[in-house]
Amino acid sequence: RLVAYRLHTWGLIGLSAELFTEVLRRRPYEPQSYRDLAYVSRDERPELAVLLYEIAARDQWDDRFQQMNVLIGEEYSLFIRALERAEHPLSSRLANRRNELNLPDERGDLRVILSWNTDNVDIDLWVTDPNGEKCYYAAPQNTSGGTLLDDVVQGFGPERFAQSDADSGDYVIEAHYYGNNGNRLEAETFIHVTVIKYAGTEREEVSEYDALLSEVNDVVTMARVSF
């Protein structure tokens with residue numbers, strides 16, 4: 001899985017998809033396996049991505065993966081909206097799926113979604129607003145209305161931040177490698193951040209970022225978002 005993420009960041013989408021297919025074959029009991037392959041298939045094989053999101057969104061998973069249902073539902077909803085904006089032929093067939101699957105239709109000026117590719121690690125999302133106030137697990141709400149929606153310490157995430165009315169200025173989005181709860185010799189984990197501006201509106205903008213965290217206590221700046 002780690003190699004597949006590396007290949008994807010290098011633009012080797014086909015090789016990455018092959019490895020993620022093998023991961024899915026070996027680990028079909030993890031929703032992350034379906035989500036990873038869907039993620040790398042969205043542009044070149046959207047029909048396959050839809051099928052994988054459908055499986056991931058509808059199956060029942062182990063309790064430690066329950067928050068992944070939240071992530072997959074939100075990602076699938078975003079993907080459907082992207083197909084609609086592109087007027088893709090699939091969009092007409094998916095028009096009712098959001099309601100049928102009760103997928104989220106989130107709205108707001110800023111939404112941030114952090115996930116990672118390794119089980120049993122704890123990655124924290126930090127969002128600092130234009131006033132310098134940091135929203136994170138120890139301070140999950142800021143004075144301007146931003147909220148950390150999750151603090152996940154196992155599984156693959158997600159941790160999410162939302163603010164309905166963003167302040168003028170720059171938001172700094174960081175990820176902190178808080179801890180490794182697994183018995184693994186290799187500490188590296190890939191992280192993925194999705195940033196949505198003006199979610200659920202005609203102005204919706206979706207940006208995605210990937211990074212590698214090598215050691216516990218690593219901190220990486222993923223994005224700066226301006227309003």
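Along the sequence shown, residues carry numbers from 1.
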Close side-chain approach of Arg1 to Ser33, heavy-atom, < 4.5 Å
yes
Decide if atom CG of Asn131 counts as having more than 12 heavy atoms of other residues, nucleotides or ligands within a radius under 6.0 Å.
yes
Can you hop from Tyr136 to Leu149 via hydrophobic side chains spaced under 4.5 Å?
no
What are the two closest non-hydrogen atoms of Gln32 and Trp116, and how far apart are they?
NE2-O, 3.5 Å
Hey, can you tell me if Tyr198 and Phe227 have their rings parallel, tilted or perpendicular (30° and 60° cut-offs)?
perpendicular
Donor on one side chain, acceptor on other, Glu133 and Ser144, under 3.5 Å
no
Working to the nearest 0.5 Å, report the span between CZ of Phe20 and OH of Tyr5.
5.0 Å
I would like to know whether Arg42 and Glu75 meet salt bridge (charged side-chain N to carboxylate O under 4.0 Å, His left out); could you show each step before the answer?
CA-CA 11 Å; Arg42 291 179 303 177; Glu75 280 193 356; 5.7 Å; no
So do the side chains of Glu30 and Val23 get within less than 4.5 Å of each other, counting heavy atoms only?
no
What's the spacing between Leu19 CG and Leu12 CG if we round to 0.5 Å?
10.5 Å
Test: Arg111 and Glu74 ion pair at under 4.0 Å
yes
Would you confirm whether Lys134, through its side chain, and Ala139, through its main-chain N or O, come within 3.5 Å as a donor-acceptor pair?
no
So how far is it from Asp43 CG to Ile13 CD1, rounded to the nearest 0.5 Å?
7.5 Å
On a heavy-atom basis, the closest approach of Pro46 and Glu44 is CD-C, 3.5 Å
Transitively linked via ILVMFWY side-chain contacts under 4.5 Å: Val70 with Val193?
no
Would you kindly confirm whether Val220 and Val127 end up in one hydrophobic cluster when ILVMFWY residues are joined by side chain heavy atoms under 4.5 Å apart?
yes
With a 6.0 Å cut-off (strictly less than), is the heavy-atom count around CZ of Arg26, excluding the residue itself, greater than 12?
no
To the closest 0.5 Å, what do you measure between CD (Glu174) and CG (Leu125)?
9.5 Å
Flag side-chain contact, heavy atom, 4.5 Å: Tyr171 against Val112
no
Indicate the ring-plane relationship of Tyr34 and Trp61, choosing parallel, tilted or perpendicular according to the 30° and 60° boundaries.
tilted
Look at atom CZ of Arg45 and say whether more than 12 heavy atoms of other residues, nucleotides or ligands are closer to it than 6.0 Å.
no
If you define the side chain from C-beta out and look only at heavy atoms, does anything of Val50 sit under 4.5 Å from Glu47?
no
Hey, what do you get for CD (Glu202) to CZ (Arg81), rounding to the nearest 0.5 Å?
12.5 Å
Does Ser77 reach the main-chain N or O of Pro104 with its side chain, forming a donor-acceptor pair under 3.5 Å?
yes
With the threshold set at 4.0 Å, does a side-chain nitrogen-carboxylate oxygen contact exist between Arg98 and Asp105?
no
Are the side chains of His8 and His192 in touch, meaning some heavy atoms are under 4.5 Å apart?
no
Are any of the side-chain heavy atoms of Val121 and Ile123 separated by less than 4.5 Å?
yes
Do Leu78 and Glu204 make a side-chain contact, defined as non-hydrogen atoms from C-beta onward lying under 4.5 Å apart?
yes
Using the six-membered ring wherever Trp is involved, compare the ring planes of Tyr178 and Tyr137 and label them parallel, tilted or perpendicular (cut-offs 30° and 60°).
perpendicular
Where do Tyr76 and Glu54 come nearest, in terms of heavy atoms and distance?
OH-OE2, 2.6 Å
Side-chain H-bond candidate by donor/acceptor type, Tyr39 with Glu208, under 3.5 Å:
no
For Arg107, look at atom CZ and say whether over 12 heavy atoms of other residues, nucleotides or ligands are found less than 6.0 Å away.
yes
Heavy-atom pair with the smallest gap, counting every atom of Ile72 and Pro31:
CD1-CB, 3.8 Å
So with a 6.0 Å cut-off around CD of Glu87, is the heavy-atom count from everything else above 12?
no
Can you measure from CD1 (Ile55) to CG (Leu37) and round to the nearest 0.5 angstrom?
10.0 Å
Using a strict threshold of under 4.0 Å (side-chain N to carboxylate O), is an ion pair present between Arg25 and Glu22?
yes
Between Leu148 and Arg160, is there a side-chain heavy-atom distance shorter than 4.5 Å?
no
